[in-house]
There are 2 protein chains.
Amino acid sequence: MTEICKVYDEHLDKILEAKKKLPDEETILEVSDFFDALGNPTRLKILFALLEDELCTCDLSNITGLSVSAISHQLRILKDRKIVTYRKDGKNVFYSLDDEHIREILKIALKHMEE
Amino acid sequence: MTEICKVYDEHLDKILEAKKKLPDEETILEVSDFFDALGNPTRLKILFALLEDELCTCDLSNITGLSVSAISHQLRILKDRKIVTYRKDGKNVFYSLDDEHIREILKIALKHMEE
DNA sequence: TGTACATTTGAACAATTGTGCAAATGTTCT
DNA sequence: AGAACATTTGCACAATTGTTCAAATGTACA
């Protein structure tokens, strides 16, 4: 921090309170990674497609119109961040949403946009 | 798309269904912008701090330990994306969360991390 | 009007990100 | 083993992002 800014006495309580209740750095970074994973059009298309049913890498490439490689790269990010899971079946790898929170958050976000 | 990938007959229905239900490009981009705004540690700190109470730019700089300028840049993004609102009071500008969806989503995300 | 201070803005720069390409790996079937 | 095809991976490169610094703008008050 380079600039200095006077602390108002009457703000002091609120500042201390906010500092105290702020989640710790590690949690902030985790939540940030989570939202960051959702904050990309390709990854969102993947997730919205998976709302219906599990799909393989190739299906997702078809649905999104992006290269299989691009989809695979993005799936890795979603997998690493525990947003999707997968099961292998022969040559195919089927991806699906990891849990109910994802579904819930996607729904709220869509609703948020409509207003 | 350069790579071509054979469409399985038995996947065809699921692909068409998913394509049909996918939100349109514009909506996808809006939702993506929304999550993208939440996917950054500095902006998250701002939002978590605002869960308690409205705060001015200077307060937020204190709480996060970042320069006033950095905070102001990030506040502009949150403001543009309708995630925070503000009211002016003399020399100060007080920011607060724009609506209940934000609060709800932040809470679910925190819960999601704990599991 | 001038001073003090809160906030915003624009330029610049390093760091990160998303994609395609080419090659590697995995799996099934003959 | 070899062919066929789904998937993953590493590299490269353009595009985007977050921060700082310096300057501009806004507001209150003497």
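Residue numbers start from 1 in every chain, and the chains themselves are labelled A, B, ... in the order their sequence lines are given, proteins ahead of strands. Just the heavy atoms: all of them, side chains too, but no hydrogens, waters or symmetry mates, feed the values below.
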If you only use heavy atoms from C-beta on, which nucleotide in D/dT7, D/dG26, C/dT7 is closest to the side chain of B/Ser72? C/dT7

On DNA chain C, check which nucleotide each of B/Tyr95 and A/Ile71 is closest to and give me the residue with the more 5' one. B/Tyr95

Report yes or no: is there a donor-acceptor pair, N or O only, under 3.5 Å between the side chain of B/His73 and the base of D/dT20? yes

Which nucleotide wins on minimum distance to the side chain of A/Val68, given the candidates D/dT20, D/dT8, C/dG18? D/dT8

Is A/Lys20 paired with A/Glu17 through a side-chain N to carboxylate O contact shorter than 4.0 Å? yes

Rounded to whole Å, CG of B/Asp36 lies from C1' of D/dA15 at a distance of 14 Å

Please tell me if B/Thr42 has a side-chain N or O lying less than 4.0 Å from either OP1 or OP2 of D/dG18. no

Taking the side chain of B/Leu66 as its heavy atoms from C-beta onward, which of D/dC5, C/dC5, D/dT19 lies nearest to it? D/dT19

Record whether the side chain of A/Ser69 comes under 3.5 Å of the base of D/dT7 through a donor-acceptor pair of N or O atoms. no

Integer-rounded Å distance: D/dA28 P and B/Asn92 CG: 10 Å

Using ring centroids (six-membered ring only for Trp), state whether B/Phe94 and A/His11 fall under 6.0 Å. yes

Find the distance B/Lys88:NZ to C/dC5:C1' and express it as a whole number of Å. 16 Å

If you measure from the Lys or Arg side-chain nitrogens to the Asp or Glu carboxylate oxygens, is any gap between B/Lys79 and B/Asp98 under 4.0 Å? no

Thinking salt bridges, do B/Glu52 and A/Lys21 make one under a 4.0 Å N-O criterion? yes

